[in-house]
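Presented below is the structure to which this report refers.
What you are looking at is a predicted structure, and each value in this text was computed from that prediction instead of being measured.
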Amino acid sequence: MIQLCSLGNAFLLPNYSWSTSLRLLLLVWLPCRLAFVGALMSVVGGRLYDDKGARFPIITGASLMAAELIAFVCLSQQMSDLVISLVYIIYMTGMGMSIGAIMTNALASLKPEFSAQGNAFLNTIQQFAGAIGTSLTSAIVGLSQAQYGSKGPRPTAIGTQHAFIFLAVIVVFLWLMFYKNVKTEGGSK
């Protein structure tokens with residue numbers, strides 16, 4: 001589900017930014033497309049996992065991801081290019097911090113002889129979820145464009161906001177699941 005949100009988000013931002021400003025497209029995608037923030041935060045998330053257990057990096061990461069999506073739901077059409085870029089960095093921070101801890105925590109709940117299959121399963125599900133996320137968010141934007149009879153900037157921005165609502169609901173649901181099921185010391189309840 002995180003990959004669904006991540007790739008859905010990654011699909012929405014360049015399309016939204018292309019419809020509003022080329023400068024925004026460059027601000028958002030040059031630093032973030034290199035995955036620098038996510039890669040850096042995966043190291044931080046791993047350290048937090050080792051020091052504090054699974055719960056802290058997972059809940060903190062999901063909270064940051066939810067904050068980004070809620071900010072886009074509420075304010076995306078009023079944000080400056082720079083603020084959109086900074087808010088997206090919040091998402092990448094949360095994603096980088098939590099994804100490794102989520103996978104490690106999930107694999108820790110398996111018997112050691114099943115860890116290779118578990119890892120393969122998680123990677124397959126991530127790929128599938130990412131494809132679904134891209135498809136659903138593009139369909140939401142497309143529906144808005146069809147409703148307005150235009151593929152111009154305004155219908156695209158409205159459809160993008162609707163897609164952000166969809167992704168925000170999913171991340172809040174994930175946060176609630178993580179809050180209920182992830183213990184501090186690692187491994188699911």
Side-chain angles (χ1 to χ4, degrees), residues 1-21 24-25 27-29 31-33 35 37-38 41-42 45 57-81 83-103 106 122-148 151 153-182:
M1 297 281 279
I2 290 211
Q3 285 300 98
L4 184 150
C5 294
S6 293
L7 289 180
N9 199 6
F11 169 79
L12 291 172
L13 280 176
N15 286 297
Y16 174 72
S17 55
W18 183 259
S19 72
T20 57
S21 154
L24 173 61
L25 181 65
L27 269 174
V28 169
W29 291 105
C32 294
R33 199 61 177 159
V37 173
M41 291 314 296
S42 68
I58 292 173
I59 296 294
T60 302
S63 297
L64 291 171
M65 291 172 10
E68 183 258 3
L69 289 166
I70 291 168
F72 276 125
V73 165
C74 297
L75 304 169
S76 65
Q77 296 184 35
Q78 293 84 30
M79 290 180 175
S80 70
D81 295 350
V83 172
I84 289 173
S85 297
L86 294 174
V87 171
Y88 184 67
I89 289 172
I90 291 170
Y91 185 89
M92 291 302 296
T93 300
M95 165 64 171
M97 181 182 293
S98 64
I99 196 70
I102 291 167
M103 290 188 68
L122 287 174
N123 285 316
T124 301
I125 292 298
Q126 284 180 356
Q127 300 264 335
F128 187 65
I132 291 172
T134 303
S135 298
L136 289 175
T137 54
S138 67
I140 292 168
V141 174
L143 285 172
S144 178
Q145 292 170 334
Q147 181 182 9
Y148 285 92
K151 292 185 180 182
R154 183 75 179 143
T156 300
I158 291 169
T160 300
Q161 190 168 20
H162 292 158
F164 279 130
I165 292 168
F166 167 72
L167 295 176
V169 168
I170 291 173
V171 169
V172 168
F173 173 74
L174 285 172
W175 187 92
L176 291 170
M177 285 181 37
F178 292 147
Y179 187 81
K180 181 181 178 194
N181 296 307
V182 177

With heavy-atom distances below 4.5 Å as the criterion, would you say the side chains of [X] and [Y] are in contact?
| X | Y | value |
| --- | --- | --- |
| C5 | M65 | no |
| M95 | Q3 | yes |
| L167 | L4 | yes |
| H162 | I158 | yes |
| T137 | F164 | no |
| I70 | V171 | no |
| I99 | S42 | no |

Quick one: [atom1] on [X] to [atom2] on [Y], what's the gap to the nearest 0.5 Å?
| X | Y | atom1 | atom2 | value |
| --- | --- | --- | --- | --- |
| L7 | I2 | CG | CD1 | 12.0 Å |
| F128 | N123 | CZ | CG | 15.0 Å |
| I59 | W175 | CD1 | CH2 | 5.5 Å |
| S6 | F11 | OG | CZ | 15.0 Å |
| N9 | E68 | CG | CD | 4.5 Å |
| Y88 | T93 | OH | OG1 | 10.5 Å |

Looking only at heavy atoms, what is the nearest atom pair of [X] and [Y], with distance?
| X | Y | answer |
| --- | --- | --- |
| V87 | F72 | CG1-CE1, 3.8 Å |
| L64 | G94 | CB-CA, 3.8 Å |
| V141 | T160 | CG2-N, 3.8 Å |
| G61 | S98 | CA-CB, 3.9 Å |

Exercise. With distance as the sole test, does S138 use its side chain to make a donor-acceptor pair with the main-chain N or O of S135 at under 3.5 Å?
Worked result: yes
For this session: Report yes or no: does S144 contribute a side-chain atom to a donor-acceptor pair with the main-chain N or O of G159 at less than 3.5 Å?
Result: yes
